[in-house]
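Here's the structure we're looking at; comments come further down.
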Amino acid sequence: MLQPFPARVQAGIYLLTGVAILSVASYLLDAIAFSNRAEPATYGAGGYMSRFAALRNDLPPGTKTLGYITDMEKDPGDVEFHLTQYAFAPAILDKGAGKGRYAIGNMVKDPTAEFMDKMGVTAVKVYPNGVVLFERKGYIQP
Amino acid sequence: MIVLAVLLSILTGFLLVRAIWPAPSFAWDNRGDWFRLGAGAMLGIGLASIPAFFTAQAQPADLALFAAAAVLFALFGRPRTLTIDDEYPAPKILTWTLLALLVVFAPAYVTMAQPNPYGELDTWRIWNFRARFLYRGGTLAELANPALQYTHPELPYLVTSSVLRTWRWGGEESPLGAMLLAGTYGFSLIAILYGAIRAMRGQAQSLLMLAAILASTAVTGNAATQFADIPFAALVAAAFASLLMAWNLSEPRLYLLTGLAAGLLPWTKNEGWFYAVPLLAVALWKGKLSGALFTVLGAIPGAATAAYFLLNVAPAIPGTAATFPALSGAIVSRLLTLNLFGWVITPVVILAIYTYFVGFRRNRQLASGITAALLLIGGIASILYRDDNPGDSAAFRILLHVWPAILLVLFVEYKTPEECVLGGIPKPTGKSRK
């Protein structure tokens, strides 16, 4: 099949193409497994954009700073915070009640009065999927 | 319109590369046009990202770039009278096997990219976030806010501005732009390696090069995650392949391509300076006066933009540095135990066996090996100088950047299958193109 190349050259060619076939086959299997991995529609950058879309539309146009409030116990690598920041760009999020009028809630449970007192906010509107719009207590319009 | 934006920059780059390195005819030139297409795509996208960074309107600048490339093509890209030896045709079984592999790889790539349209963690968190921030009215000054330090505002803008450009063309913020660009980067990397070896060493050798880069799915497959290291690796490959072709094909104008691609490296990632300097230094050393002038001239657009960004826009953000023992250990470990090839096979062993079977050609060029070694040293130096993620992750990135260059050196210097036949193979008769 690979005449007139010497036997050792043929062996080299078979080796290299064989490895290529195995590698591409392995990549194909990885890709199929990856695409079958079930993830909720609210996950990832796209998921966060849709999850927070309604709240985002309710914010006054030109809002530049927002607080970020969550009741999650852990957020390794701040991934949840960064996903929320992605959804609200170009507004800049501050962890906690923030310096502006509004704060975004990325919640696991509905916020209790005690939780809101502790954070210094009141709930303005509760949306589906653990999304809450908070207003900072004592905020004075500049 | 997003698709048009990407296609326009690919066409602009292709015309530019054909103007710099003309083909023997206006028709598709199998020997060189895969390289021209791959390198052209990288240069076209890279150059278009510069006005996209400085201006808010994409279309006028892109059309002006296209017009400039078309004028250069009309002036300098006319087919030249060339004497080209006829090629030994590659064995049909090799051609069909590699075509079949490409046919399997392409849908696998799409399957991998499709569930992750915004890219992996660092992609959406850094490169695409910055594009979204600017597209929605944020400013570079606001991006320097300490709260956004994790988005690395000190990193340059080739990747970010390219995504931004497609959105401005399309009038919508669609992940399609970033996905198409990432696919183009991956395709370009493969086309550059295949096309350069095809032009320098013939058809069979180029198919073996294709097998080696397709086997390196850790490199090519990672384009699907939209890592910025893939366009970076493609630019390193374009610059290095141009350099090798300038020597092997005695084409001094290819130094201009070396300069263009090397200049865009620091506009892609900050460590680009550590790769561009060795490439430019070798081009100046080997290129004589004309090569040196072409190289410097080519490097100006990208390097000047990167220098402007570094001095005037990028905020100073302190980083940490790796230690040499930790980094070198991680690199050796990656090469020996983990796979760059998708299957769990160490590429070092496979290529060592292949070297034993085939061997190197007689008239080896020391300069090509020296350049690849300098690129590796440059990559290591960049991490030792400053990196927020030292260790295995840094080692992987260095290998992503340098692996295509290593493959280029090997497949230029390996004997081709035809050269291994004692007494040689009779050349195909007839039609030498003149």
Side-chain angles (χ1 to χ4, degrees), chain A residues 1-39 43-49 56 61-62 64-65 68 77-79 81-83 85-95 98, chain B residues 91 93-94 97-98 101 104-105 107-112 114-119 121 124-125 128-129 132-134 136-139 142 145 147-148 150-151 175 204 208 210-212 214-217 221 224 339 341-345 347 350 353-354 356-358 415 417-418 420-422 425:
Chain A
M1 294 280 248
L2 288 171
Q3 297 297 343
F5 303 137
R8 57 194 295 155
V9 174
Q10 292 188 34
I13 294 173
Y14 284 128
L15 172 78
L16 208 54
T17 47
V19 170
I21 290 167
L22 287 173
S23 295
V24 172
S26 157
Y27 181 65
L28 178 65
L29 294 176
D30 285 349
I32 292 168
F34 185 65
S35 69
N36 288 339
R37 206 171 61 185
E39 277 177 351
Y43 188 78
Y48 267 59
M49 281 158 66
R56 194 188 158 93
K64 286 281 184 186
T65 58
Y68 174 81
D78 277 345
V79 173
F81 175 62
H82 294 158
L83 281 166
Q85 174 63 78
Y86 188 93
F88 283 94
I92 297 173
L93 304 190
D94 276 325
K95 284 182 185 173
Chain B
I93 187 169
L94 191 59
T97 305
L98 268 299
L101 269 184
V104 175
F105 181 80
Y109 175 89
V110 173
T111 310
M112 191 65 106
Q114 191 258 337
N116 223 349
Y118 295 87
L121 185 70
W124 62 257
R125 190 156 66 171
N128 291 347
F129 173 83
R132 177 173 162 84
F133 192 90
L134 295 172
R136 299 185 80 95
T139 64
E142 287 168 342
N145 187 312
L148 298 178
Y150 72 90
T151 67
L208 293 167
L210 186 58
L214 282 179
S216 311
T217 51
N339 62 82
F341 289 174
W343 208 54
V344 187
I345 303 172
I350 297 297
I353 298 171
Y354 184 78
Y356 169 75
F357 283 143
V358 175
K415 280 185 194 165
E418 302 86 26
C420 294
V421 178
L422 279 176
I425 304 175

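Order of the sequence lines sets the chain letters (A, B, ...), proteins ahead of strands, with each chain counted from 1.
Under the rule for a side-chain contact (heavy atoms from CB on, under 4.5 Å), B/V110 has no partner lying at least two apart in sequence or in another chain. With sequence neighbours left out, A/D94 forms a side-chain hydrogen bond (donor to acceptor under 3.5 Å, both in side chains) with A/K99.
Contact annotation for B/Y118: only side-chain heavy atoms (C-beta onward) come within less than 4.5 Å of a heavy atom of chain A. At a 4.5 Å heavy-atom cutoff, B/L210 makes no contact with chain A through either its backbone or its side chain. Contact annotation for A/K95: neither backbone nor side-chain heavy atoms come within less than 4.5 Å of a heavy atom of chain B. Heavy atoms of B/E142 lying under 4.5 Å from chain A belong to its backbone as well as its side chain. B/L148 touches chain A through its side chain: at least one heavy atom from C-beta onward sits under 4.5 Å away, while N, CA, C and O do not. Proximity to chain A (any heavy atom under 4.5 Å) is shown, for B/A204, by neither the backbone nor the side chain. With a threshold of 4.5 angstrom between heavy atoms, B/L121 approaches chain A through side-chain atoms but not through N, CA, C or O. Residue contact with chain A, scored on non-hydrogen atoms closer than 4.5 Å, involves the side chain of B/Y150 exclusively.
Remark: side-chain polar atoms of B/R136 are not paired, donor with acceptor, to backbone N or O of A/F88 under 3.5 angstrom. Side-chain atoms of A/S26 never come within 3.5 Å of backbone atoms of A/L22 as a donor-acceptor pair (strictly under, hydrogens ignored).
Counting heavy atoms from C-beta outward, B/P91 and A/I13 have side chains that stay 4.5 Å or more apart.
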With side chain to side chain contact (heavy atoms under 4.5 Å, CB included) as the criterion, how do A/V9 and B/V421 come out once you've worked through the C-alpha distance, each side chain's angles and the decisive distance to 0.1 Å?
CA-CA 9 Å; A/V9 174; B/V421 178; over 6 Å; no
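Most heavy-atom pairs under 4.5 Å with chain B, from the set A/A20, A/P90, A/A25: that is A/P90. Of all the listed residues (B/N116, B/L214, B/L208, B/V358), the one sharing the greatest number of non-hydrogen pairs under 4.5 Å with chain A is B/L208. Contact tally against chain B (heavy-atom pairs below 4.5 Å) for A/L83, A/L93, A/D78: the top residue is A/L83.
Here A/Y14 contributes atom OH and B/L94 contributes atom CG; the two are 9.5 Å apart, rounded to the nearest 0.5 Å. Distance check, rounded to the nearest 0.5 Å: CG of A/L15 to CD1 of B/I350 gives 5.0 Å.
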